[in-house]
Amino acid sequence: MSVTADPRSARPETAEMAGLLDRLRVLTAGTGRPDLADRLARARTRVTDPRMRVVVTGETGQGLSALVDALAPAAPGTRERPVDDEGRLLLVGSPGVSGVDSARAAAALPLVAGADAVLFVSDASRELTEPEITYLDQVRRLCPTVVGVVTKIDRYPRWADVQRANRRHLTQADIDIPLFPVSSRMLAAAHRTRDHALAIESGVPQLADHLRERVLVNATQVLHAGVVNDVRAVTDQVALGLNAELTALRDPAAGTVAERRLHEARVTADALRDRTAGWQIVLADGATELGADVDHDLRHRLRELVREAEADIVSSDPAKRWEEFGSWLDGRVAECVQANVVLAETRSRELAERVAIRFADDGRVALPALDLGGTEALEPVRELEALDSRKAGIVQRLISSMRGSYGGILMVGVMTTLAGLALVNPWSIGAGVLLGANTFREDRKARTARRQAEAKTAVARLMDDVLFHVGRESRFRLREVQRTLRDHFTALAAEMTRTADDALRAAGEARRLAGEGRDARIAEVEEQLGELRTLRVRAAGLVR
Amino acid sequence: MTRSFDGVLLDNAHVDSALVDSALVDSALVDSALSDSALFDAARPVLGDDAVDACLRRLHAPLRIALAGTLKAGKSTLLNALIGHSVAPTDATECTRVVTTYRRAPAPVAEAVHDGGRRTPIRWPPDGTGKALHSLEVGLPAPLLERYTLVDTPGTSSNSRAVSARTLAYLDPDDGVCEADAVVYLLRSLHDSDLALLRRVQAQVGRGGPLGVVGVLSRADEDGPTPAELRDDPRLDGLPRDFLPVSGLLALRGRTLRQDEFTALAALARRPVAELDAALVSPGRFLAATGHDGLLDAWGMHGIAEAVALVRGGATTAPALAAALIRRSGLEGLTRILEARIGERAAALRMRAALRELRGRLAGRATRLVAGIDRALADDHALVELRTLGALPGLTTLPVPTRIALDRVLGGAGTRPTVRLGLPAGVSGREMHAAAVRAAMHWRRRLDDPLLDPRARRALRAAVRSCEGVAAGAAVRTRAS
């Protein structure tokens with residue numbers, strides 16, 4: 001489930017933030033920087049529409065839908081349902097997964113990656129299982145805000161023991177998330193009987209509060225912090241130009257001070273250019289490395305899997321349990337692909353951060369949203385093919401052993417005819433039986449070996465296919481990531497260069513200005529700078 | 001509660017005797033068993049009494065039934081319910097960590113089997129499990145264990161891979177097949193891990209492994225799929241689809257109901273409905289209102305609510321409540337199907353095992369006797385029926401109504417001729433003969449279909465043979481009367 005905010009019911013700080021951004025945009029546009037003004041407009045859209053998506057996930061049959069109904073009683077049946085009155089927090093039900101090694105779990109992961117928070121649901125009838133822990137670990141890596149929910153506490157008197165066991169398992173797996181015991185049935189009963197105390201005992205209001213106060217507020221804060229970052233960057237850049245102009249205006253006589261200031265402005269601009277010049281190399285190198293790493297990771301995982309599968313094939317006759325082997329292999333392939341996607345996601349973020357450092361030492365630069373979604377690559381490519389020589393007919397096996405015994409009879413029979421015996425005599429028959437049995441045995445061994453070889457080829461072909469499809473999807477996605485990063489940082493670099501150039505130009509122009517025009521301009525620039533400072537301080541004040 | 005009530009087990013003998021007596025051996029089986037025992041007598045001069053008696057002991061070895069399923073599916077609770085005592089430890093968190101065998105013994109005994117086969121006596125219930133432990137064996141003087149040896153397996157998708165691996169090693173060993181004669185598979189909702197394990201067990205049916213898989217839908221609460229949903233689930237193609245809803249907890253509480261528990265439950269039932277409903281909303285509320293924490297621990301919220309409803313519905317004595325709980329739990333349905341599928345054929349299956357051993361000991365001697373044994377072993381129709389029944393869910397080329405009809409005629413619901421042919425109980429020998437011949441002709445006609453795949457053809461042929469067997473038995477009876 002996800003939660004989104006509605007501009008109709010904007011909160012005070014949101015309204016203030018929006019007003020502030022509007023004012024700053026007018027100011028920025030006035031100084032001839034439409035590019036920065038656009039950036040502020042985008043930030044404003046983000047602030048006024050801060051809908052948070054909370055995805056609810058967990059295994060099937062754990063009370064997912066009942067929990068969604070309890071948390072978001074309004075608008076039943078819709079996919080995204082609001083938890084709070086303002087509609088800022090939207091719950092999105094994901095299809096229940098059934099074991100982490102399943103294709104359905106893989107399908108839920110992209111939904112999780114795009115979420116602001118994830119509710120992981122497991123009921124109180126049993127502790128967390130190993131597949132659940134593995135899934136939770138992947139979820140946590142894709143979405144930093146995960147909240148655990150233990151449902152159905154009205155039915156299991158020992159839920160506290162289960163909760164303790166869950167905590168133990170989570171600690172062991174090094175997963176630190178809050179766990180909320182809830183019961184949607186208790187909440188329903190509380191609504192029926194208007195029993196406020198029971199509603200509190202159900203744990204649902206606490207969970208809703210946590211979502212509203214911690215998760216929503218946290219996410220809003222992260223969003224606001226990002227916007228304040230934007231404000232800081234924009235005010236810095238606008239102020240740089242204004243300051244340079246002001247210095248030139250104040251000392252028109254081309255005095256040494258002004259010369260020095262102008263020189264300083266030039267140095268600053270050059271430094272900025274130098275700093276940003278390297279980013280394209282960082283990105284290009286990083287992207288190549290990222291692609292190679294992700295590809296290598298996938299190949300490595302699949303190679304390990306092939307090794308495991310081959311060991312399994314060699315250990316017995318593969319025809320006996322081929323279908324079951326196929327489903328096992330499908331599950332393991334899905335697991336490998338999932339782990340690979342998680343790696344690609346985390347490494348892409350790291351790359352974005354690495355590039356961002358080229359723009360500001362503290363990396364406090366807006367990062368683009370990276371969408372690694374798309375589940376196509378995660379679905380099984382195709383089935384493992386059937387084995388041709390699945391079953392050898394008994395007739396065929398008999399014929400081949402007859403062939404063997406025929407040779408035996410002939411061989412020994414011919415020799416014994418020299419001793420005056422008939423061609424078919426006890427000796428030649430004995431040799432025929434021995435050789436026949438031998439052929440029969442050899443034949444069976446050869447068949448098993450052939451089936452094993454066939455099975456290995458089938459596995460290798462499937463892996464080739466997986467590598468081809470998944471590799472292609474993954475390369476496509478990574479190219480998309482690179483393009484997003486390039487566009488984002490190109491715009492950022494262009495902004496910064498333009499700021500430096502503007503500062504030089506403004507300073508140069510200012511020196512040519514004289515008389516009253518200059519005084520008026522000084523007052524104007526000073527006023528603008530003052531307002532920029534105020535806006536900046538106010539924006540900083542909005543983030544606690 | 002007075003002390004004298006504590007620990008007094010109500011008379012559950014009727015349940016046990018029902019389980020044991022329902023092995024109604026039909027006359028045909030007794031006939032063949034008699035001639036088979038003549039074979040054993042004939043072997044006495046050759047092998048000596050000791051060796052023959054050792055073979056005959058096989059006749060009394062119980063059948064092995066394994067309980068399998070995912071973590072916390074209620075395997076141990078169901079096992080306790082079947083035995084009628086709380087033997088297997090159960091807890092809110094994962095509890096069964098090694099494969100545990102429950103067999104009959106004159107006095108309670110527990111042994112740990114270490115890797116390598118060494119056995120050491122242990123205290124029961126075990127406290128913590130050793131690293132190198134292979135399995136546990138518990139001997140108990142319980143009537144059900146005379147007929148069945150029960151095997152409790154740890155849940156798959158456990159918290160530790162090692163525990164799941166132990167279950168897999170038992171149910172689908174790398175070398176050979178599962179040693180259980182039947183597998184009872186419990187699930188609470190259908191997950192991919194369930195499907196994978198069911199497939200692995202089903203794959204061994206008819207290959208010398210288990211003779212069938214009996215599905216149980218473990219009803220711990222009202223959630224989860226219904227049996228009808230499971231029957232229509234496409235993921236179960238080729239796997240057993242009939243999942244019997246059984247609540248192991250209700251059955252166990254019914255079978256071990258104590259007078260003090262009944263008194264407490266009856267007192268609860270006497271409370272005003274609204275007051276009790278308010279208390280049953282949550283464990284906390286229930287404790288605050290009644291203080292029965294022992295009851296809550298053993299019965300759970302669902303169990304208390306069900307028991308109170310039964311008391312209000314007229315189960316006003318402890319034995320009546322016990323019987324009502326067992327009825328409500330669906331346990332009888334499970335034991336009935338176990339009896340119909342495995343139990344009623346137990347005599348034939350055991351006889352085969354004993355004869356095979358006798359034949360092995362006779363190797364090379366008394367050729368005429370061996371020929372007689374081979375003749376007896378050649379009639380393996382009971383085994384063929386069982387294998388066909390086990391493989392029926394996989395015969396997807398046959399339409400569902402045909403598969404249901406095959407299940408009945410092959411003795412899936414019981415081996416009595418009237419059950420197989422769907423005739424009323426008191427039918428005359430002549431009518432039965434006519435019905436059996438008609439049925440045999442019906443199935444033989446179906447064999448003419450040129451598009452039948454070999455497995456379906458085998459199943460239809462087995463049905464013809466079963467009908468002919470019933471017809472022959474009926475003819476013998478008609479002539480005798």
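Numbers restart at 1 for each chain; the letters A, B, ... are given by sequence-line order, proteins then strands.
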If you count every heavy atom of other residues, nucleotides or ligands that lies below 6.0 Å from B:R328 atom CZ, does the total exceed 12?
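Count not over threshold, so no.
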Tell me, yes or no, whether the heavy-atom count around A:R444 atom CZ, taken from other residues, nucleotides or ligands under 6.0 Å, exceeds 12.
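For A:R444, atom CZ is not crowded (no more than 12 foreign heavy atoms under 6.0 Å).
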To the nearest 0.5 Å, what is the distance between [atom1] on [X] and [atom2] on [Y]?
X      : Y      : atom1 : atom2 : value
A:K152 : B:M301 : NZ    : CE    : 14.5 Å
B:L71  : A:E127 : CG    : CD    : 5.5 Å
A:Y156 : B:S282 : OH    : OG    : 15.0 Å
B:H191 : A:E59  : NE2   : CD    : 4.5 Å

Pair count under 4.5 Å, heavy atoms only, with chain A: among B:V281, B:D277, B:L195, B:L287, highest is B:V281
Tell me, out of B:R200, B:K72, B:R199, who's got the most heavy-atom pairs with chain A below 4.5 Å.
B:R200
Suppose we screen for ring-ring contact (aromatic ring centres under 6.0 Å, His included). Which residues come up paired with A:F325, at least two apart in sequence or across chains?
A:W322, A:W328
What's the verdict on salt bridge (charged side-chain N to carboxylate O under 4.0 Å, His left out) for A:D195 and B:R285, showing C-alpha distance, side-chain angles and the deciding distance?
CA-CA 12 Å; A:D195 185 341; B:R285 295 261 160 143; 2.7 Å; yes
Between A:T193, A:D161, A:V162, A:D154, which shows the greatest number of heavy-atom pairs under 4.5 Å with chain B?
A:D154
Using non-hydrogen atoms and a limit below 4.5 Å, what part of residues 290-298 of chain B faces chain A?
B:L296, B:D297
Check this for me, if you would: do B:R188 and A:D123 make a salt bridge, where the nitrogen-to-carboxylate-oxygen distance has to be below 4.0 angstrom?
yes
Is [X] close to chain B through its backbone or its side chain, or both, or neither, when contacts mean heavy atoms under 4.5 Å?
X      : answer
A:E201 : side chain
A:L198 : both
A:A197 : both

Nearest heavy-atom pair of A:P157 and B:G300: which atoms, and what distance?
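So the minimum-distance heavy-atom pair works out to CG-CA, 4.0 Å.
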